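Within every chain, numbering begins at 1; the chains are lettered A, B, ... in the order of the sequence lines, protein sequences first and strands thereafter. Computed from a prediction, not measured in an experiment: that's the story for all the values here.
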Amino acid sequence: LKNKLEELRKEKGLNQDELASILKVSRQTISSLENGRYNPSLILAFKIAALFRMSIEEIFIFGEDENE
Amino acid sequence: MNNKKNLVFIFLIGIMGYFLGAIVYDLVSGFSRAGSHLSGFLTATVFFGLYFLYLKKKFPKILDDMTIEQHDEREKTIREKAGHCTLYFVFASTFIISIFAMIKNHILLGIVSGSIYVILLTIYLLLTYYFKRKI
């Protein structure tokens, strides 16, 4: 699952700590999400989408090879 | 004070409280293994309580960060994975020890490790059944 989280966060002028604080997760979670090491739960994905006023699909891109 | 320093401090307070409680108990009422442990744990708990009250008053943000970290979904996933691996390790270890005890005729060890294996397996299967019905 690829995502545009880092790009959107920077556009909004937030650092990882600030975004983590808004989403009530740890800074490490934000870092892992941005690096693609961790996929968010549906609830967290909705929270992120709501924060950036976008749909989940616009932020998180599901690659076809994820099925394999 | 940052989170890492705080965790180290909590660990040190626990150790200090435990030893202080145990030593004071031994000095006051003579040596008793159970009493020393109990006194140590109680003193450590009191120290933790006092330290948390201090944090709440002086550094409330650290307590908030600790709460967030505890409920953080990535942390939960990590704990689940670590717990799962630990469970399989304990299963394998107790099974191997039981077999080894049976071969070497260590009856008591065989009974203890075999019982632990069966109890763990039963709890695991019961919880799996429970969560399958619940989720």
Flag if over 12 foreign heavy atoms under 6.0 Å of CZ, B:Phe19: no
Quick check: do B:Val24 and B:Thr43 have side-chain heavy atoms less than 4.5 Å from each other? no
Beyond-backbone contact of B:Val46 with B:Leu42, side-chain heavy atoms, under 4.5 angstrom: no
Determine the interplanar angle of the B:His84 and B:Tyr88 rings, folded into 0 to 90°, and report it as parallel if under 30°, tilted if 30 to 60°, perpendicular if over 60°. perpendicular
Between chain A and chain B, which donor-acceptor atom pairs come closer than 3.5 Å, counting both backbone and side-chain atoms?
from	atom 1	to	atom 2	distance (Å)
B:Asp72	OD1	A:Ser26	N	3.1
B:Asp72	OD1	A:Thr29	OG1	2.9
B:Asp72	OD2	A:Ser26	OG	3.0
B:Asp72	OD2	A:Thr29	OG1	2.6
B:Glu73	OE1	A:Ser41	OG	2.5
B:Glu73	OE2	A:Tyr38	OH	2.9
B:Glu73	OE2	A:Ser41	N	2.9
B:Arg74	NE	A:Ser32	OG	3.0

Working to the nearest 0.5 angstrom, can you tell me the gap between A:Leu23 CG and A:Ile30 CD1? 5.0 Å
Ignoring hydrogens and angles, tell me if any N or O in the side chain of B:Ser39 forms a donor-acceptor pair with the backbone of B:Gly21 under 3.5 Å. yes
